[in-house]
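What follows is a set of notes on a single structure, which appears directly below.
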Amino acid sequence: MEFKTIIEPFRIHSVASIAMTTESERSEFIEEVGYNLFSLHSDNVLIDLLTDSGTGAMSRNQWAAIQRGDESYAGSPSWLNFKAAVQNLFPFTHIIPTHQGRAAEKILFTAIGGAGKVIPSNTHFDTTRANIEYSQAEAVDLVIAEGKDPANLHPFKGNMDLVALEQLIKNTGVENIPVVMMTITNNSGGGQPVSLENLHAVSAICKKYSIPFFLDACRFAENAWFIREREAGQSRREVIDIVREIARLADGMTMSAKKDPLGNIGGWLALNDDGLAAICRNLLILTEGFPTYGGLAGRDLEALAVGLTEVVSHDYLRYRIQSTAYLGNALHEMGIPVVLPIGGHAVYIDAKALLPHIPALQYPGQGLAIELYKAGGIRGCEIGSVMFGRKPDGSEVPAAMELVRLAIPRRTYTQSHIDYVIEVCAEVLKRAPSLTGYSIIKEPPSLRHFTSEFAPI
Ligand code: F0G
């Protein structure tokens with residue numbers, strides 16, 4: 001007998017209290033911070049879906065491992081445990097620990113980026129793009145067309161457009177493409193997975209032109225689970241074998257250990273090329289630390305070593321992917337437009353479709369995110385014209401999509417928390433026709449979504 005309720009495959013071991021607030025209190029809190037959800041005191045948030053990055057709960061085995069942390073400056077056993085756990089999944093020759101994903105990106109693109117270089121990906125995450133552009137190189141997104149259509153039901157909407165990739169290589173010249181990246185799952189494209197077939201094809205193109213192939217593998221286990229669920233011939237495989245197969249296709253990876261490695265902090269850069277590894281290790285020493293700890297404490301390395309063994313558990317991944325879909329499907333069924341199919345780590349609400357009466361440059365995503373907070377204390381994140389609308393030349397152009405991301409921290413909220421989120425969304429759906437847009441009244445020179453202040457129109 002298979003039961004329909006998805007139970008959390010864990011018991012709660014330690015708790016953090018949530019302070020209850022009323023709608024009128026929350027209306028004051030959000031007004032006080034200029035209607036910017038990043039500026040809220042997190043104690044005033046009931047359900048925090050701002051990000052799945054570093055916000056998950058660790059297991060008791062991870063907490064126990066923290067006690068084993070060895071803080072030797074060089075060659076600590078914690079480093080060796082971490083390295084073995086990474087190489088068990090991703091058998092690259094060189095593992096370079098960093099304090100988080102963007103530090104690995106900064107080191108890699110300082111070493112191989114630069115003016116005139118072009119770096120394709122299915123879709124670069126913001127920090128990846130920013131680090132590439134900071135090196136004066138160009139970041140190009142080549143996700144398949146289905147990946148840009150929120151309603152399209154393609155099972156692997158994170159796939160790379162292979163024709164476009166080969167065309168780019170021919171037009172740009174092999175010598176100007178230092179690496180091809182692939183983000184699994186494709187966070188900026190809705191947390192959508194990449195198929196094993198597509199990964200094989202991209203790897204083959206890279207081999208044909210002798211271009212290194214790197215993964216941005218933050219959500220590798222979620223991606224592997226989708227492969228097992230959706231790709232022909234994969235349903236009987238162990239996730240760990242799928243992950244190893246993906247790793248063997250690549251020449252290296254950047255990683256944020258704040259996602260699937262189930263840590264609160266951490267990251268790494270891994271690669272096979274000895275010469276490039278030597279350059280990267282020297283850069284690491286400049287800003288992150290000695291190569292056997294990167295920017296991390298020994299105890300962090302221990303927690304990640306354990307997290308890497310837990311995240312490939314089928315019980316965990318089945319619960320993780322089904323519970324994200326549980327939220328997404330409930331919103332879809334009540335008529336809230338969401339990016340389909342539901343991704344691995346988050347549900348993305350299409351604010352443009354939900355609030356067609358609010359023009360893009362009155363920020364429908366911001367309006368929706370504020371209302372979710374006021375109505376129920378839920379903090380999501382606008383991914384639309386507030387985040388992407390201001391161009392380097394000072395002009396303002398609407399973003400391609402106006403989304404609000406509800407990212408689910410790992411192993412943190414129960415089904416009743418999510419049932420509450422669903423109820424709040426139903427209330428906000430009722431209010432949708434009367435919601436108004438916002439104007440920006442204070443804006444920093446860049447990355448405006450973090451610190452801008454808003455006023456209701
Ligand atoms: N790559 C991807 C695909 C990411 O989603 C992130 C972070 C990074 C790289 C950078 O890693 O934060 O450890 O420096 N994403 C977070 C998010 C911030 O909310 O989606 P980091």
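As the structure lists them, so they are numbered: ligands from 1, and atoms in each ligand from 1. Owing to the predicted nature of the structure, the values given are computational and were not obtained by experimental measurement.
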Legend entry - For Asp52, the option from Arg410, Lys259, Lys258 that meets salt bridge (Lys or Arg N to Asp or Glu O under 4.0 Å):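 So the option named by the test is Arg410.
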Distance alone, cut at 3.5 Å: any donor-acceptor contact between the side chains of [X] and [Y]?
X      : Y      : answer
Glu71  : Ser76  : no
Asn187 : His345 : yes
Glu288 : His99  : yes
Asn272 : Thr93  : yes

Inset, instruction - Establish, yes or no, whether a centroid distance under 6.0 Å links the rings of Phe226 and Phe156. - result: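 Centroid distance Phe226-Phe156: not below 6.0 Å, so no.
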By number and element, which atoms of ligand 1 are closer than 4.0 Å to a non-hydrogen atom of [X]?
X      : result
Arg102 : 11 (O), 12 (O), 14 (O), 18 (C), 21 (P)
Cys218 : 1 (N), 2 (C), 3 (C), 4 (C), 9 (C)
Lys258 : 13 (O)
Thr51  : 17 (C), 19 (O)

Who's closest to [atom] heavy-atom-wise, of [options]?
atom                    : options                       : answer
atom 5 (O) of ligand 1  : Asn187, Thr183, Ile265        : Asn187
atom 7 (C) of ligand 1  : Lys259, Arg219, His99, Arg129 : Lys259
atom 10 (C) of ligand 1 : Thr127, Thr185, Thr123        : Thr127

Inset, instruction - Using a 4.0 Å heavy-atom threshold (strictly under), name the region of Arg405 that reaches ligand 1: side chain, backbone, both or neither. - result: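 Only the side chain of Arg405 comes within reach of ligand 1.
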